[in-house]
> 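What follows is a single structure, and I will ask about it in a moment.
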Amino acid sequence: MSSDAAAQCVHEGTGPRVVYRPRSPKDAVLHRIVREHLETFLQEVSSRAGGHPLPAFVEREFRDFISCGSLARGFARFRCESCAFEHLVPFSCKGRAVCSSCTGRRMNERAADLVDHVLGGLPIRQYVLTVPHRLRYLMAFDHRLCRAVLAVFNRALLGMLRRRAKESGVPDPRSGTVTAIQRCGSALDVNLHFHTLAPDGVFDANGEADAFHPLPPPTDNEITRLLTTVRLRVLRLLRRRGLLPGEDAAAPADPAADIAPTLVGLTAAVARGRVATGRRAGQRLRRIGADPDAPWIPHDGPRHAHEDGFDLHANISVHERDRAGLERLARYILRPPVAQNRLRLRDDGLVVLELPRTWSDGTTHILFEPGEFLERLATVIPRPRINLIIYSGVFAGHASGREAAVARAAEPAGRSHQPPAPPDDEEEAKEPRRRHHRWADLMRRAFDCDVLRCPQCPGRLRFIA
């Protein structure tokens, strides 16, 4: 997969012709910040931690991002069949947090897979669970604890769906969930929370193979009871592990924290809303349009509950025939940590991050020193080889009944709201389903742009090397 997943497709002239223009990563604000300030940031962090550097996977993510999109890393070569025009597509860094192009490509690919092969054809509801600050900090280091908390939530949610289905007359109801683990909030703070997609209905294990029974939307009282159940069970889990406040649990349970004290210090500061490095170390973040003394006020609304730092929102749903809406929702829950269009550099060198929506205290933007911005990026980089998309219930990989549960997504009429272009030859048409989507198909699906169309003639570009 190339690094051009965030490239631009622009209209030329007055006609419908759309021309593909590869991205220029070195011109982006994010790339400039990392490129110009990474070495200073690494030295500052190491000196403050008594010579302990950041974990290797964090530094590697930053350095790979700097070279992402460079032809020196390797490239794919395309040539037009008609006019011999050639186009080089550089390889990507495959980053999981910093590179907006690679994370954007992963977002589009996984969203397409969810629609076409898992959730398509079903009425879907999003459940967003947020936990108290101390638990976010612990889960950021301990992935086992994170998975345990998510398992508590999934069991409670699936239990609620089963009870409602039995009350409606379904004898043996089954359901499933798909959860995206987001590691940060809109201000790049340590805010590990769950975006869970679940059908508004259940499958009947005793009925036909594809028997699906829709359920009415959950009521406000049901969402409140669900959050109360989750809160009590999570507290019980933490008590068993000795992680409740006031007990001997000052350090995260993850053994990696013992060999990464530098990252622990950064994460602890970010979780408290403080700066960890630079001349403003220990101070609060600078916010634009904010009243620092204003309390946080949870937004009340339908299907929204809040209790002792636990928050559950479940008012967003997608109709079973709205595959385009489902794909937009899937992209939202899989979104990268930071969007390029929300970043800008001021003339004095400060980084301005625009919030997607105004906070309850009036904050619209966050102001960072370059080092402050990089330390927040460092805390959201996931450790290698951990899954951030979790399937449970009937959608789990080896669950009985999974094939029947995902059958609706594989129906020909629901392959995609934006069908791919026909293959170039008969051999390509006979290929089995690929594990990953083709670069050209993703660009066509995400940006409605045919990147294999020659910009100089009506011919087609073909991969040659």
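Note that the numbering runs from 1 along the sequence shown for the chain. Computed from a prediction, not measured in an experiment: that's the story for all the values here.
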> Under the side-chain contact (heavy atoms from CB on, under 4.5 Å) rule, what do C102 and C68 come out as? Steps first, then yes or no, please.
CA-CA 9 Å; C102 294; C68 185; 3.9 Å; yes
> Is any side-chain heavy atom of R164 closer than 4.5 Å to a side-chain heavy atom of P216?
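With C-beta onward as the side chain, the pair touches.
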> Identify whether the distance between the nearest side-chain nitrogen and carboxylate oxygen of E167 and R163 falls below 4.0 Å.
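Salt bridge between E167 and R163, a charged N being under 4.0 Å from a carboxylate O: no.
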> Once you measure the plane-to-plane angle for F194 and F153, does it fall in the parallel (<30°), tilted (30-60°) or perpendicular (>60°) bin?
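Judged by the thresholds at 30° and 60°, the geometry between F194 and F153 is parallel.
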> Using modelled atom types only, decide if a donor and an acceptor are shared between the side chain of D322 and the backbone of V318 within a distance under 3.5 Å.
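The answer is no, because no donor-acceptor pair under 3.5 Å joins these two groups.
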> Check the side chains of T267 and T379 for a donor-acceptor pair under 3.5 angstrom, ignoring hydrogens and angles.
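Absent: no donor and acceptor within the cut-off.
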> Between atom CG of L157 and atom CG of L227, what is the distance when rounded to the nearest 0.5 Å?
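The CG atom of L157 sits 12.0 Å away from the CG atom of L227.
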> OH/Y332 to CG/L197 distance, rounded to the nearest 0.5 angstrom?
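Those atoms lie 11.5 Å apart.
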> Taking atom types as modelled, is there a side-chain donor on N221 or T219 under 3.5 Å from an acceptor on the other?
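The answer is no; no qualifying pair exists.
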> Does any non-hydrogen side-chain atom of R63 lie less than 4.5 Å from one of L38?
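Yes - at least one pair of side-chain heavy atoms lies under 4.5 Å apart.
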> Would you say the side-chain atoms of Q182 pair up with the backbone N or O of I333, donor to acceptor, closer than 3.5 Å?
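Judged by distance alone, yes, a pair lies under 3.5 Å.
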> Ignoring hydrogens and geometry, is there a side-chain-to-backbone donor-acceptor pair from D204 to P173 under 3.5 Å?
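No: the side chain of D204 does not pair with the backbone of P173.
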> Take V131 and F310 through the side-chain contact (heavy atoms from CB on, under 4.5 Å) test and state the conclusion after the steps.
CA-CA 5 Å; V131 298; F310 290 84; 4.1 Å; yes
> If you define the side chain from C-beta out and look only at heavy atoms, does anything of D361 sit under 4.5 Å from R287?
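Yes - at least one pair of side-chain heavy atoms lies under 4.5 Å apart.
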> Between W359 and S186, what is the shortest heavy-atom contact and its length?
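Heavy atoms of W359 and S186 come nearest at NE1-OG, 3.7 Å.
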> For V352 and H365, which heavy atoms make the closest approach, and how far apart are they?
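Where V352 meets H365 most closely, the heavy atoms are CG1-CD2, 3.7 Å.
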> Does atom CD (E403) have a neighbourhood of more than 12 heavy atoms from anything else shown, all under 6.0 Å?
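Result for CD/E403: open.
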> For a quick test of reading the model, state the closest non-hydrogen atom pair linking L129 to H193 and the distance between them.
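Closest pair (atom of L129, atom of H193, distance): O-CB, 3.3 Å.
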> May I ask you to decide if D311's main-chain N or O and R231's side chain share a donor-acceptor pair within less than 3.5 Å?
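Answer holds: no.
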> With no hydrogens and no angle check, is any side-chain donor or acceptor of E61 less than 3.5 Å from a backbone partner on I381?
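Not at all, since once roles are kept as given, no pair shorter than 3.5 Å links the two residues.
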> Using a 6.0 Å cut-off, check whether atom CZ of R73 has over 12 heavy atoms from anything other than its own residue.
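Yes - once you tally the heavy atoms of other residues, nucleotides and ligands closer than 6.0 Å, there are more than 12.
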> For V115 and R323, which heavy atoms make the closest approach, and how far apart are they?
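What the structure gives for the nearest pair is O-NH1, 3.4 Å.
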> Say you draw a straight line from CG of L343 to CZ of F373; how long is it, rounded to the nearest 0.5 Å?
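If I round to the nearest 0.5 Å, the distance is 4.5 Å.
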> Can you list the steps and then say if V351 with L367 is a side-chain contact (heavy atoms from CB on, under 4.5 Å)?
CA-CA 6 Å; V351 182; L367 202 59; over 6 Å; no
> Mind listing the closest non-hydrogen atom pair of C146 and I181 along with its distance?
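Closest pair (atom of C146, atom of I181, distance): SG-CD1, 3.9 Å.
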> Just by distance, do the side chain of R183 and the backbone of V380 share a donor-acceptor pair under 3.5 Å?
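Yes; judged by distance alone, with no hydrogens or angles, the pair exists.
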> Should we say atom CZ of F75 is surrounded by more than 12 heavy atoms from elsewhere, each under 6.0 Å from it?
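Counting other residues, nucleotides and ligands, CZ of F75 stays at 12 neighbours or fewer.
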> Quick one: pull up CZ in R241 and CG in D142 and give me the separation to the nearest 0.5 Å.
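Going from the CZ atom of R241 to the CG atom of D142 covers 6.5 Å.
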> Suppose the criterion is side chain to side chain donor-acceptor pair (under 3.5 Å): which pairs have a residue in residues 333-345, not counting sequence neighbours?
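Of all non-adjacent pairs touching residues 333-345, those that pass side chain to side chain donor-acceptor pair (under 3.5 Å) are S100-Q340.
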> Mark yes when over 12 heavy atoms from residues, nucleotides or ligands other than R286 sit less than 6.0 Å from its CZ; otherwise mark no.
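Result for CZ/R286: enclosed.
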> Do the side chains of F463 and L452 get nearer than 4.5 Å, heavy atoms only?
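No, their side chains stay 4.5 Å or more apart.
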> About how many Å separate CZ of F203 and CZ of R408, when rounded to the nearest 0.5 Å?
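Between R408 CZ and F203 CZ, I get 7.0 Å after rounding to 0.5 Å.
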> Could you go step by step and tell me if L119 and F395 meet the side-chain contact (heavy atoms from CB on, under 4.5 Å) rule?
CA-CA 9 Å; L119 300 177; F395 298 134; 3.6 Å; yes
> Between CD of E327 and CG of D113, what distance do you get to the nearest 0.5 Å?
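Separation between the atoms: 10.5 Å.
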> Do L145 and L135 have side chains that approach each other closer than 4.5 Å (heavy atoms only, starting at C-beta)?
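When only atoms from C-beta onward are counted, L135 and L145 do touch, with a gap below 4.5 Å.
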> For H304 and H306, I'd like to know if the aromatic rings sit close, meaning centre-to-centre distance below 6.0 Å.
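H304 vs H306: aromatic centres not under 6.0 Å.
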> Quick one: does T364's side chain get under 4.5 Å of E354's, heavy atoms only?
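Of all side-chain heavy-atom pairs linking E354 with T364, none is under 4.5 Å.
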> With a 4.5 Å limit on heavy-atom distance, are the side chains of L215 and D200 in contact?
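L215 vs D200: side chains apart.
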> R162 side chain to S175 main-chain N or O, any donor-acceptor pair under 3.5 Å?
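Flag not set: sc R162 to bb S175 has no pair under 3.5 Å.
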> Is there a donor-acceptor pair closer than 3.5 Å between any side-chain N or O of R174 and the backbone N or O of V394?
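No, R174 side chain to V394 backbone: no donor-acceptor pair under 3.5 Å.
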> Can a donor-acceptor pair be found, under 3.5 Å and without considering hydrogens, that links the side chain of N387 to the backbone of I389?
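Absent.
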> How far apart are the closest heavy atoms of P218 and R303, and which atoms are they?
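Taking every non-hydrogen atom into account, O-NE, 2.8 Å.
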> Check whether any side-chain N or O of H31 sits under 3.5 Å from a backbone N or O of I66 as a donor-acceptor pair, and report yes or no.
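Here the side-chain-to-backbone pair exists.
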> Quick check: are there more than 12 heavy atoms from other residues, nucleotides or ligands sitting under 6.0 Å from NE2 of H133?
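Count not over threshold, so no.
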> Considering only heavy atoms from C-beta outward, does the side chain of L285 approach that of F368 to under 4.5 Å?
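Heavy-atom side-chain distance check passes, below 4.5 Å.
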